[in-house]
Trainee: 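So that we are looking at the same thing, I have put the structure below in C-alpha cells.
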Amino acid sequence: MAEFFFGSPFRRLLHGRPFAIDWSSSSAAAMDWVENPTSHVLRINVPGLGKDDVKVQVEEGNVLTIRAAPRKEKGKEEDEKEEGVVWHVAERGKPEFARAVALPENVRVDGIKAGVENGVLTVVVPKEPAPARPRPRPIAVSSKL
C-alpha cells in the first residue's frame with residue numbers, strides 16, 4: 001500500500017531537490033525563467049529597488065540566491081519626527097524578499113550577469129557549450145598493430 005502512495009512519481013517530488021524555492025510572502029518576487037540555446041534568463045520583479053538594494057550570488061550546489069533588502073527612506077522618518085504629521089496609509093514600502101533557484105548542471109557560473117532596469121532584475125546565466133559530437137568516420141583496419 002505504501003508503494004502505491006510513495007512510488008517513483010512521488011519519490012522525486014518528496015525527496016528531490018526543489019527546482020525553485022520562494023521565501024517571499026509578497027508578489028514582489030514574481031519571476032519569469034526563459035531558456036534559449038545559449039543561456040537561461042531570469043526576470044524578477046523588484047519594484048522600487050535599485051542595484052544597491054539587490055544581492056545576487058551563487059551558493060554551494062549551483063543554487064542562485066537573490067535577496068532584496070532596501071535601504072530606509074529618509075523622507076518617511078523625517079515626516080514622523082515632524083509635529084502634526086499623521087500617516088493614514090503606508091502601502092508603498094519597498095519589499096524585502098529572498099529567492100533561491102537550483103540551476104541546471106550545464107551552466108557557466110563564472111559568466112553570470114545581473115542588472116536592474118525599470119523595476120525588473122534580469123539575471124543571465126550562460127550555458128556551457130555542448131561538446132561536439134564525433135562524426136562517423138571510417139577507421140582503417142590492419143592485420144598487424
Side-chain angles (χ1 to χ4, degrees), residues 1-140:
M1 184 74 166
E3 186 63 32
F4 176 75
F5 288 111
F6 297 107
S8 61
F10 296 105
R11 188 174 313 279
R12 183 169 180 239
L13 178 67
L14 297 173
H15 301 291
R17 187 168 82 170
F19 193 62
I21 305 166
D22 184 11
W23 293 304
S24 170
S25 61
S26 68
S27 63
M31 178 178 77
D32 293 337
W33 182 343
V34 178
E35 180 179 357
N36 60 41
T38 60
S39 63
H40 295 270
V41 180
L42 290 83
R43 290 185 185 91
I44 302 159
N45 289 345
V46 291
L49 300 177
K51 67 177 187 171
D52 297 329
D53 300 326
V54 179
K55 182 179 179 184
V56 179
Q57 67 183 29
V58 176
E59 295 179 355
E60 194 173 323
N62 262 9
V63 176
L64 180 75
T65 60
I66 299 124
R67 298 183 195 283
R71 293 168 276 144
K72 300 289 183 190
E73 290 185 21
K74 294 178 184 176
K76 186 175 180 181
E77 291 175 2
E78 292 171 1
D79 287 344
E80 289 173 353
K81 292 177 184 176
E82 189 178 325
E83 181 117 359
V85 174
V86 177
W87 279 79
H88 292 283
V89 179
E91 296 177 343
R92 298 182 319 116
K94 295 179 183 178
E96 291 186 18
F97 70 89
R99 183 126 197 194
V101 178
L103 296 174
E105 295 295 323
N106 66 338
V107 297
R108 284 191 7 236
V109 177
D110 58 340
I112 295 175
K113 293 184 171 88
V116 177
E117 186 175 339
N118 296 330
V120 177
L121 170 67
T122 302
V123 180
V124 178
V125 183
K127 290 182 179 179
E128 287 285 345
R133 286 185 168 182
R135 290 186 291 159
R137 62 181 178 94
I139 297 174

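Being a predicted model, the structure only gives us computed values, none of them experimental.
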Trainee: Applying salt bridge (charged side-chain N to carboxylate O under 4.0 Å, His left out), can you list everything that pairs with Glu117, at least two apart in sequence or on another chain?
Mentor: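 Once residues adjacent in sequence are excluded, Glu117 has no partner under the salt bridge (charged side-chain N to carboxylate O under 4.0 Å, His left out) criterion.
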
Trainee: Nearest 0.5 Å, what's the CZ-CG distance between Arg43 and Leu121?
Mentor: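 Going from CZ on Arg43 over to CG on Leu121, the span is 11.0 Å.
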
Trainee: Return the set of residues passing side chain to side chain contact (heavy atoms under 4.5 Å, CB included) with Val58 (not counting sequence neighbours), or none when no residue passes.
Mentor: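 For Val58, the residues satisfying side chain to side chain contact (heavy atoms under 4.5 Å, CB included) (neighbours in sequence not counted) are Leu64, Val109, Ile112.
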
Trainee: Scan residues 121-132 for pairs that pass salt bridge (charged side-chain N to carboxylate O under 4.0 Å, His left out), counting only residues two or more places apart or in two chains.
Mentor: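 Matches after skipping sequence neighbours: Glu35-Lys127.
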
Trainee: Can you pull the ring-ring contact (aromatic ring centres under 6.0 Å, His included) pairs that have at least one residue in residues 114-134, sequence neighbours excluded?
Mentor: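 Residue pairs with at least one partner in residues 114-134: there are none.
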
Trainee: Which residue pairs satisfy the ring-ring contact (aromatic ring centres under 6.0 Å, His included) criterion with at least one member in residues 34-62, sequence neighbours excluded?
Mentor: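 Of all non-adjacent pairs touching residues 34-62, those that pass ring-ring contact (aromatic ring centres under 6.0 Å, His included) are Trp33-His40.
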
Trainee: Give the intermediate values and the outcome of side chain to side chain contact (heavy atoms under 4.5 Å, CB included) for residues Val46 and Val116.
Mentor: CA-CA 8 Å; Val46 291; Val116 177; 4.2 Å; yes

Trainee: Suppose we screen for side chain to side chain contact (heavy atoms under 4.5 Å, CB included). Which residues come up paired with Asn36, at least two apart in sequence or across chains?
Mentor: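 Expected list: Thr38, Ser39, Val41.
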
Trainee: Sub-3.5 Å donor-acceptor pair from the side chain of Asn62 to the main-chain atoms of Pro104, do we have one?
Mentor: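 Checking the backbone N and O of Pro104 against the side chain of Asn62, a donor-acceptor pair under 3.5 Å is found.
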
Trainee: Quickly, which of Val101, Val54, Leu42 forms a side chain to side chain contact (heavy atoms under 4.5 Å, CB included) with Val123? Name it, please.
Mentor: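 Option passing the side chain to side chain contact (heavy atoms under 4.5 Å, CB included) with Val123: Leu42.
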
Trainee: Applying side chain to side chain contact (heavy atoms under 4.5 Å, CB included) to Asn45 and Val120, what does each step give before you reach the verdict?
Mentor: CA-CA 5 Å; Asn45 289 345; Val120 177; 4.2 Å; yes

